[in-house]
Amino acid sequence: MAIKTYLQAISDGLREEMRRDQRVFLIGEDIGVYGGAFKVTQGFQQEFGEDRVIDSPLSETAITGACTGAALMGMRPVCEMQFSDFVSCAFDQLVTVAAKQHYRVGTPVPIVVRLPSGGGFSGGPFHSQNPEGFFAHCPGLKIACPATPADAKGLILSAIRDPNPVLYFEHKHLYRRIKGEVPDGDTAVEFGKARVHQEGSDLSIITYGAMVYTAEEAAKAAAEQDGTSVEIIDLRTITPWDREAVLASVAKTSKVIVLHEDTHTSGFGAEIAATIAEEAFETLDAPVMRITAPDTPVPFSPPLEKAYLPQPGDVLAGIERLAAY
Amino acid sequence: MAIKTYLQAISDGLREEMRRDQRVFLIGEDIGVYGGAFKVTQGFQQEFGEDRVIDSPLSETAITGACTGAALMGMRPVCEMQFSDFVSCAFDQLVTVAAKQHYRVGTPVPIVVRLPSGGGFSGGPFHSQNPEGFFAHCPGLKIACPATPADAKGLILSAIRDPNPVLYFEHKHLYRRIKGEVPDGDTAVEFGKARVHQEGSDLSIITYGAMVYTAEEAAKAAAEQDGTSVEIIDLRTITPWDREAVLASVAKTSKVIVLHEDTHTSGFGAEIAATIAEEAFETLDAPVMRITAPDTPVPFSPPLEKAYLPQPGDVLAGIERLAAY
Amino acid sequence: MAVAREATPVESAEDVKQADLDSEDLLQIYRNMLITRGIEERGHILYRQGKIPGSFYTGRGNEGASVGVATAMQAMDVGTPIQRDMGVHVTRGTEPWRIFAQYMGRSDGLAAGKDGNVHMADIRLGLIAMVSHLPALMPVAVGAALAFQIRREPRVAVAWSGDGAMARGDAHEAMNLAGVRKLPVVFIVDNNQYAYSTPNRLEFACDHLADRAAAYGFEGVVVDGCDVLTVYREAHAAIEKARAGGGPTLLELVTLRMEGHAVHDDAFYVPREMLEHWKEKDPIERHRRWLKESGVLGEAVDDEITVEVKKLLNEAMKRAEESPLPDAADLDTGVYADPEELDTPHHR
Amino acid sequence: MAVAREATPVESAEDVKQADLDSEDLLQIYRNMLITRGIEERGHILYRQGKIPGSFYTGRGNEGASVGVATAMQAMDVGTPIQRDMGVHVTRGTEPWRIFAQYMGRSDGLAAGKDGNVHMADIRLGLIAMVSHLPALMPVAVGAALAFQIRREPRVAVAWSGDGAMARGDAHEAMNLAGVRKLPVVFIVDNNQYAYSTPNRLEFACDHLADRAAAYGFEGVVVDGCDVLTVYREAHAAIEKARAGGGPTLLELVTLRMEGHAVHDDAFYVPREMLEHWKEKDPIERHRRWLKESGVLGEAVDDEITVEVKKLLNEAMKRAEESPLPDAADLDTGVYADPEELDTPHHR
Ligand SMILES: Cc1ncc(C[n+]2csc(CCOP(=O)(O)OP(=O)(O)O)c2C)c(N)n1
Ligand SMILES: Cc1ncc(C[n+]2csc(CCOP(=O)(O)OP(=O)(O)O)c2C)c(N)n1
Ligand SMILES: [Mg+2]
Ligand SMILES: [Mg+2]
């Protein structure tokens, strides 16, 4: 067990799996010589060679499509979008080709798309997005959004071993800011199993990715303020997502906030909220509250971006409102 | 006032607006000489010439991007995706370029993308989709899904005049099957105003597009069966959508089914259901029920496709279940 | 300005020998072309009888192009044939009855009714099932080639596109990546001069689509797609060049789409004279003539083959009609793969 | 095999006269290059002072290319400059203080703080604000050209791409559509030999990106991007050809990116000798030398211009710093346009 950054955990997971499984290779823009825009694959090309760590042309469609083809030939490709925002250029390859292949003709497409995502550093409308909500609507894809270093490693391992196309969202704001214990060795984390980030009894916050820490701060403030006990459920993966864990938490607390950094309308929070409202109708003591980014592009200038991103204060206000319901 | 097919209504709307406004032009695959895969623009090239009815190369990205550029130069472009499924190839141009332009720098992008959508004739996974759910998650786009000939015409007029990028979903199964009165002349239908397709008091069905008729059949059966009175709300546009009308109906009936042909998870139904559950928490007498296609690609073979598409019987069963709640 | 090479036609038996084809191969090509056309003709009838749901596409006029290329592939090679390439499926050994079952949406169709018509392939025969979105499998074929290159396997991927589909970004990104990494892939353009109703002149502005190869640093060749032997020779050369590490080639196979885009389309926009002219060039008739002139095919054998093909197809149709429709309960199976499914040969 | 033409350098004053430039134009080019570099140098300082949020990009080495092309455009023309093309904004009259305000995310920035750094443009100056996703504005520029063609206006659109971005599908679809319809558009490739850390040889496999023009049926020209006068001449010729109905041209302007991809990148992957070599070719120094040798620029005027530019930029920085940050209340305004916004000049 060692303390690692979130970024280091992803890097270690990739490296270990590449050592373990010759079929794994990486492809993306500037991931080789440069080691990736965020240096996740620094040193990889030296260790694994140019054949397994491929600096591709600026071609998200070709990168993604090539992964599908290589996967069909028995490889385990892992590609990187330089920023998750650019996955819009690979949308068709993911949604039309990779996602539907198995249903249509029964051939598995074991690919992983790494997606550095999220805001918080004035990246502006094209370097800050959380596009998971688009893909959550596409049957055939799986989606991981780790929050902790241990999950970052555990989920990248599972993603690579999964026989399906997996979108792996790695939150840039967590890369170097979040450190945590990462168990040594082969510690894959199962998809579809939520994690209780913190137990509580008065109210549940259902969230994932960087918002886990926003929830944590708000919960701490609430506890200090008037002893409100907040349970935080970290979904870890949103396709599949752990309805049972969510419903169990709601059954306990009867009040729930769904929190994400993606925009509001038709975000994955809508799915969670709709499901809770449907399945836990009898249990709920208050309407399910969604706290999300507003329905705008991600603005660049700090005062706007700060207002855009859900802040601990926003969540605290939500907790208070729900508690008073 | 004349009786027209849904297809004729779209065609008339386009033609009239092209006569009225020289800035309107059409671009798409096979829309000129051939008159479009569904013949919506038959005869248009003869009337308006090759400059205003452009047979483009097979290039959804270029078509959509070119519309944006022409719009920025003061034109009112209307493009056609041959099938709405192919809009996945223009995803980036819509979501990254067209949708964000006004927020970023204040320049309006008045384009319309026509999207023949929907299943029901063994089109299979790539000619039957209802991809509106993906785009409902993108701020900056507007989305229309007319169900009646009058709305088909009224909404295409509004779409062309709207200063924003509009996705106009025209349901292929309605093209020639649905006839109805279409008022003569310039009868634009406002975006964001739902239509009460049929009044009722026991239960509300919130829907749009072809599912309006599925709801109608089910409602009829329910009425005949035991006098259950179903109200059907046709949203007409899903961005923006008429929350007030929906909430007013729910306030009246206290029970609600959200129905769409798009797939379930993170479909627009989740947004509607989540919103109702949040805003009408005190009014609801039963959980909001979603009836949708399952989370699979659209299968080809008739028994599978029939099972895939929500049928009147499925809706009737939902009505019964909710009524008994 | 044309930059691609124009392939000279195969003329003599000597040419053919150089191309490594013996008499049995030449007859097999003939047989495969007949089966290909036979499947589509019968499919068309089944469609008119209401036995095939959805739409129906044929590749009449493209039998030489598709069979020629597939014949040049080795068993270990892989390909991503498209809507006019029934000949590829046939040549690589797809059983006709399964194709009819596919058309009819039956359980024994290659997509088991989940997908229809030409959206099919048998991965065990090295073919990857096309998607509608054209030409989205070009990058996929390039990825297969990438796998071969990484594993140092002497295998080649063959990627197909139509003339119209060459306008899409996927074609560009795929060919560019292949050129940069000198991947073992051969690009085939089925240039049948139309994309639905859109003629070549509204699709591209260079002389030949094969000219595009220069933009990606490899060779382009324009080939008469009605001449199966020339197609074979050029495909063989390109495939073996790729196998030897020589990188990609782009072969443009020029034909005319002899029927509508799909059966609902009477192709009124194709000039009648043009159709007449290309009818003369029919690839099956041409090959038959060549076989006869070259003494490879006598009347008797020709009759024998014709009867045999007819029998094969009639039995295939019968068997396909016996295949059950899928069960509605299968609707939501198979969206995701299970881990054990990775242990299939093509995944090792 | 190279197919593009290689532009011969402008040498004499005679050449220049033919290119329609008088002394004032030549000095204005010089001034614009100085302002361009000055803005980016000062921006870099502001960034290090923590006054610019996010990331920071410069186009050092590209001043000749960007100013040269923009000088060749007429006021009625439009363009979609990219991350190395500050010279285009400057040449077309964007006020430097608004660029600094843009960098700093202030209300007076061209994007009013909604977007940052080079993602900006003033549509009233005929420029369309770039998006990050490269080169997604190439089809947009083509659409502008389509509007001009439909309306029979003698206007030209200029579309920029980097060398790296040319690998993307958008570049292909845009150039193909432009070629097919012979649209009045000129494509500029800022080939600075790298895409972030990726060198040309991993981006494309043809000799020159300008060779690609042949794939779309128009002319490609390779130009020394450090030579502003040659850039001007070729851009002028291409733009006027387009205006006259001659269709598109692809100009590849070869330079070297003289700094990292953005300020966080020390560009360790660019060989030092290469940087040294290209430093000698600096476009500003080169033009200055040429002006002096041609007798257009004397010491006194040079000093005057230098002082004037310094003053302009210092005042601009000051003014920009006085511009307020946007109000959080503006967060959700402007997602949708209102109908009356269509009544702006560029929308008529
Ligand atoms: C991305 C995409 N857009 C539109 C279509 C609809 N479509 C199907 S086939 C076709 C024409 C294809 O032409 P070509 O590539 O020349 O192939 P052909 O059918 O002529 O063999 C079109 C437009 C499609 N399949 N994919
Ligand atoms: C579609 C897309 N993918 C990735 C990126 C990230 N990115 C920004 S600039 C850049 C390199 C661009 O290279 P080039 O086109 O040569 O322009 P240069 O920066 O060298 O001027 C990359 C990869 C992007 N902006 N857009
Ligand atoms: Mg064709
Ligand atoms: Mg570059």
Side-chain angles (χ1 to χ4, degrees), chain C residues 1-5 133-136 138-139 142 146 161 163-183 185 187 189 195 198-222 246-250 252, chain D residues 1-5 133-136 138-139 142 146 161 163-183 185 187 189 195 198-222 246-250 252:
Chain C
M1 179 195 47
V3 288
R5 170 167 72 80
H133 297 53
L134 297 168
M138 280 178 80
V142 165
L146 186 61
S161 173
D163 46 293
M166 287 289 281
R168 273 210 58 238
D170 288 39
H172 174 69
E173 295 199 11
M175 290 194 287
N176 186 57
L177 178 60
V180 165
R181 302 199 72 86
K182 265 200 158 207
L183 296 177
V185 55
F187 298 102
V189 180
T198 309
N200 274 186
R201 81 181 160 78
L202 292 178
E203 297 168 9
F204 56 88
C206 48
D207 286 345
H208 300 293
L209 284 167
D211 295 344
R212 295 245 165 110
Y216 309 109
F218 47 83
E219 198 193 14
V221 189
V222 186
T249 305
L250 172 59
E252 176 184 354
Chain D
M1 176 196 45
V3 285
R5 169 167 72 79
H133 297 52
L134 296 168
M138 281 178 79
V142 165
L146 185 61
S161 173
D163 45 291
M166 288 288 282
R168 274 209 58 236
D170 289 38
H172 173 70
E173 296 199 12
M175 290 194 287
N176 186 57
L177 178 59
V180 165
R181 301 199 73 85
K182 263 199 159 209
L183 295 177
V185 56
F187 298 102
V189 179
T198 308
N200 274 186
R201 81 181 158 78
L202 293 178
E203 297 167 11
F204 56 88
C206 47
D207 286 344
H208 300 293
L209 284 168
D211 296 344
R212 296 244 165 110
Y216 308 110
F218 46 84
E219 196 192 16
V221 190
V222 186
T249 305
L250 172 59
E252 175 183 356

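Chain identifiers are assigned alphabetically (A, B, ...) following the order of the sequence lines, protein sequences preceding nucleic acid strands; residue numbering begins at 1 within each chain. Values below: every heavy atom of this structure, side chains too, minus hydrogens, waters and symmetry copies. Please read all numbers here as calculations on a predicted model, not as lab measurements.
- Heavy atoms only, all atoms of each residue included: C:Val180 and D:Leu202 are closest at CG1-O, 3.4 Å.
- Side chains of D:Asn176 and C:Arg168: no donor on one and acceptor on the other come within 3.5 Å.
- Of all heavy-atom pairs spanning D:Ala214 and C:Cys206, the tightest one is O-CB, 3.4 Å.
- Among D:Gly179, D:Ala213, D:Ala171, D:Gly217, the residue making the largest number of heavy-atom pairs under 4.5 Å with chain C is D:Gly217.
- Of the two parts of C:Met166, only the backbone, made up of N, CA, C and O, holds a non-hydrogen atom closer than 4.5 Å to a non-hydrogen atom of chain D.
- Here the side chain of C:His172 pairs no donor or acceptor atom with the backbone of D:Asp170 at under 3.5 angstrom.
- If you tally non-hydrogen atom pairs under 4.5 Å between each of C:Lys182, C:Arg201, C:Glu203 and chain D, the highest count goes to C:Glu203.
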